[in-house]
**Student:** 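Submitted below is the structure of interest, expressed as structure tokens.
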Number of protein chains: 2
Amino acid sequence: MRAQVVTIQDVARAAGVSPATVSRVFNGGNVTPARAQSVQRAAAALGFAPNRVARSLRKQRSSVIALIIPDIENPFFTSLARGVEDAAQRTSLSVVLCNSDEDTEKERRYLEVALGEQMAGVIVAAASRDETDLGPLTARGVPVVAVDRRPRDAEVDAVRVDDHHGGEVATRHLLQAGYRRIACVTGPEGASTSEERLAGYRAALTAAKGAGASDDSYVRHADFRVEGGRAAMRELLSLPEPPDAVFVANNLMTIGVLDALREAGRTPPDVGVLSFGDVPWASLVRPSLSAVELPSYELGRTAAELLLQRMDGGAAPLQTVVLRTTLQVRESTGGPAAARGA
Amino acid sequence: MRAQVVTIQDVARAAGVSPATVSRVFNGGNVTPARAQSVQRAAAALGFAPNRVARSLRKQRSSVIALIIPDIENPFFTSLARGVEDAAQRTSLSVVLCNSDEDTEKERRYLEVALGEQMAGVIVAAASRDETDLGPLTARGVPVVAVDRRPRDAEVDAVRVDDHHGGEVATRHLLQAGYRRIACVTGPEGASTSEERLAGYRAALTAAKGAGASDDSYVRHADFRVEGGRAAMRELLSLPEPPDAVFVANNLMTIGVLDALREAGRTPPDVGVLSFGDVPWASLVRPSLSAVELPSYELGRTAAELLLQRMDGGAAPLQTVVLRTTLQVRESTGGPAAARGA
DNA sequence: TTCAGGGGTGAAATCCTTTTCAGCGGCAGG
DNA sequence: CCTGCCGCTGAAAAGGATTTCACCCCTGAA
């Protein structure tokens with residue numbers, strides 16, 4: 001029924017050498033060329049494929065690295081994943097993707113798998129700042145890099161963007177365009193990116209209006225997904241005095257926000273819309289959207305490079321790389337109708 | 001430096017039992033409740049986490065299943081992935097995602113990893129009909145399910161949609177809407193879905209125009225990505241007699257097609273556009289797009305269920321499940337301007 | 001000529017868990 | 001009272017690779 005498995009022993013027997021020699025042939029030990037060739041031939045003839053599980057057990061480390069992301073349906077993270085893959089491509093490591101679905105329990109399970117499978121390294125965009133526990137991994141010396149989101153207290157290398165600054169620049173731009181009642185739809189409490197983008201928004205408002213401006217009636221926490229954005233925007237539109245612009249803390253929620261606006265018969269730049277992160281397939285959207293552009297691919301690539309570096313480097317001091325965002329001004333923040341009318 | 005690893009031996013010693021008993025506690029063997037409890041306590045106290053690699057080696061099977069998809073940036077596949085995950089969720093298996101990037105070499109490596117890591121099962125949307133070789137996996141008795149795309153000659157369960165029928169229905173709809181010069185932008189040669197959707201298109205044209213209609217001047221093979229769709233549509237628009245409608249064989253290429261149309265100052269339904277597969281975040285697109293809707297999530301869920309069934313089921317005969325597509329008629333295929341003018 | 005060193009090799013230990021096997025003790029039935 | 005069976009347990013084997021260690025042989029230097 002099941003074909004018997006070809007082991008290193010079988011190859012050794014066929015080639016008339018010891019298993020140790022076969023192992024050396026495949027791992028670059030010192031072997032006489034003639035012998036090496038006969039081992040190669042025997043292996044090919046038998047269709048030998050090394051048992052990675054046995055190898056991992058012995059070496060105490062597999063040749064797979066895990067990338068754990070919170071939303072596989074968000075193009076930001078899939079682009080980031082491409083960056084990780086492309087960087088890992090040049091090594092002998094394979095990348096596997098795990099989707100935590102913004103669920104700390106699922107994430108915990110994947111972290112456990114990564115630990116139990118003795119993965120060579122882990123790159124994680126944490127589902128939560130407080131509940132994501134990287135302790136077991138770091139305690140066992142597994143290299144870990146936090147990307148995009150940073151878990152509190154984690155002693156790991158990190159790559160992220162300047163969330164606070166980006167949020168501030170975005171909000172300032174809306175102010176300068178003439179909008180006055182600027183709302184913020186941010187992500188879940190407990191995600192570092194949510195909080196920092198929101199903090200940037202607040203900082204810009206405070207700078208403009210003075211210290212008394214910390215009014216949170218225009219702030220909504222949603223779930224970083226389309227539905228959440230839609231619901232939040234509906235709420236904002238139903239306020240007695242609805243906002244005339246909105247800073248949305250991620251790309252998918254922006255889609256929901258635009259939907260809600262259309263429902264209400266409003267379109268940018270009548271209501272200003274500024275997205276933190278490019279809306280996917282933005283070419284489809286009219287009017288074109290202003291956005292804080294995120295280097296998603298580079299985020300992934302940098303994280304992978306940091307991980308690789310840590311994997312052979314050893315005990316260099318921890319580092320955090322902060323990548324710059326850029327504000328891309330387009331039609332959706334052209335200024336409120338009121339301003340044009342005045 | 002590195003914290004020493006807690007093994008089942010350590011737990012056994014701490015609890016005053018043998019390693020075998022500890023193993024039984026964690027795997028549901030017969031153990032006296034009192035003893036079991038003391039083992040649990042010792043394990044918790046020491047922070048024991050089982051070494052999955054050793055377990056896999058002994059059991060000749062890990063508790064991870066691989067999902068190999070050809071394009072992680074395509075929402076069709078990420079939705080499919082969600083379906084797989086949700087189905088696997090109810091078991092103790094973990095799903096890891098591998099992105100082959102439509103590259104048969106990368107795919108081969110991932111298949112090798114899946115084999116070498118002794119994964120419990122593999123679900124694969126094949127990068128190629130001819131070059132994807134599932135032989136090594138099936139020969140070793142690893143359960144495999146082909147999803148969406150089917151590799152030729154593979155002796156595996158499969159889940160797909162009625163590509164041929166869907167392509168035929170789509171094309172017929174364009175004909176009925178009054179379009180006469182209908183183009184087809186399909187995927188790469190060698191992908192089963194490309195070929196069958198194209199075949200459906202041809203069948204509809206032949207049925208309408210008679211056997212002589214097999215003119216391929218309106219057929220373009222692209223790469224299932226945005227850029228490919230854009231380039232193909234540009235080509236079609238530069239023909240002496242450009243098409244008045246286009247059937248696009250996947251969602252991402254449709255985005256490119258729409259871009260090319262906008263460049264040329266044309267918009268649906270002036271030129272009819274019908275997409276095989278929903279365009280992501282279709283709510284953003286005006287006019288709304290007619291599409292052959294694909295049950296992407298169900299495709300994944302069904303594949304996972306088939307895999308699970310095969311994993312305990314044993315040697316039931318191979319099966320192929322074909323899910324139905326549904327044609328969703330919207331504005332983009334309202335009929336050509338010429339017809340309205342006439 | 002002798003000795004040190006190094007390349008090439010195989011036997012055996014090692015990684016950690018699961019599983020088989022044999023043994024022990026207790027209980028039920030004859 | 002004896003036998004048979006069943007539940008529980010631990011010792012030991014098994015799974016397949018890597019790596020250590022000891023050894024042999026050969027070369028080059030003293």
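Just so we're on the same page: letters track the sequence lines, and every chain starts at 1. All values derive from a computational prediction rather than experimental measurement.
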**Student:** Can you give one letter per nucleotide of nucleotides 13-19 of chain C, going 5' to 3': B for a protein heavy atom under 4.0 Å from the base, S for sugar-phosphate only, - for none?
**Tutor:** BBBBBBB

**Student:** Where the side chain of B:S23 meets the backbone of B:P19, is there a donor-acceptor pair that is under 3.5 Å apart?
**Tutor:** no

**Student:** Are B:D157 and B:R310 ion-paired here, with the side-chain N under 4.0 Å from a carboxylate O?
**Tutor:** yes

**Student:** For residues 117-129 of chain A, run the donor-acceptor check on the side chains, cut-off 3.5 Å, and write out each pair with its distance to 0.1 Å, sequence neighbours left out.
**Tutor:**
| residue | atom | partner | partner atom | Å |
| --- | --- | --- | --- | --- |
| A:Q118 | NE2 | A:S56 | O | 3.4 |
| A:S128 | OG | A:D130 | N | 3.0 |
| A:S128 | OG | A:E131 | N | 2.8 |

**Student:** Under the salt bridge (Lys or Arg N to Asp or Glu O under 4.0 Å) rule, what do A:R160 and A:D148 come out as? Steps first, then yes or no, please.
**Tutor:** CA-CA 4 Å; A:R160 56 188 193 89; A:D148 187 51; over 6 Å; no

**Student:** May I have the list of side-chain donor-acceptor pairs in residues 31-43 of chain B shorter than 3.5 Å, sequence neighbours left out?
**Tutor:**
| residue | atom | partner | partner atom | Å |
| --- | --- | --- | --- | --- |
| B:S38 | OG | B:R35 | O | 3.2 |

**Student:** To the nearest 10 degrees, how far apart in direction are the end axes of the helix from C:dT1-D:dA30 to C:dG30-D:dC1, each fit to five base pairs?
**Tutor:** 40°

**Student:** Looking at OG of B:S79 and CD of A:E73, how far apart are the two atoms once the value is rounded to the nearest 0.5 Å?
**Tutor:** 5.5 Å

**Student:** For the atom pair OH (A:Y110) and CD1 (A:I69), what is the distance rounded to the nearest 0.5 Å?
**Tutor:** 10.0 Å

**Student:** Is a donor from one side chain sitting under 3.5 angstrom from an acceptor on the other, for B:T132 and B:E107?
**Tutor:** yes

**Student:** Name the nucleic acid region contacted by A:V17, choosing base, sugar-phosphate or nothing; use a 4.0 angstrom heavy-atom cut-off, strictly under.
**Tutor:** sugar-phosphate

**Student:** At a heavy-atom distance below 4.0 Å, which nucleotide of DNA chain D is the first touched by chain A, and which is the last?
**Tutor:** D:dG16 to D:dT20

**Student:** Does B:N51 reach the main-chain N or O of B:V53 with its side chain, forming a donor-acceptor pair under 3.5 Å?
**Tutor:** yes

**Student:** Check whether any side-chain N or O of B:T21 sits under 3.5 Å from a backbone N or O of B:V17 as a donor-acceptor pair, and report yes or no.
**Tutor:** no

**Student:** Counting only non-hydrogen atoms, which of residues 30-37 of chain A are less than 4.0 Å from DNA chain C?
**Tutor:** A:N30, A:V31, A:T32, A:R35

**Student:** In this structure, is the centre-to-centre distance between the rings of A:F26 and A:F48 below 6.0 Å?
**Tutor:** yes

**Student:** Closer than 4.0 angstrom, basic N to acidic O: yes or no for B:R108 and B:D103?
**Tutor:** no

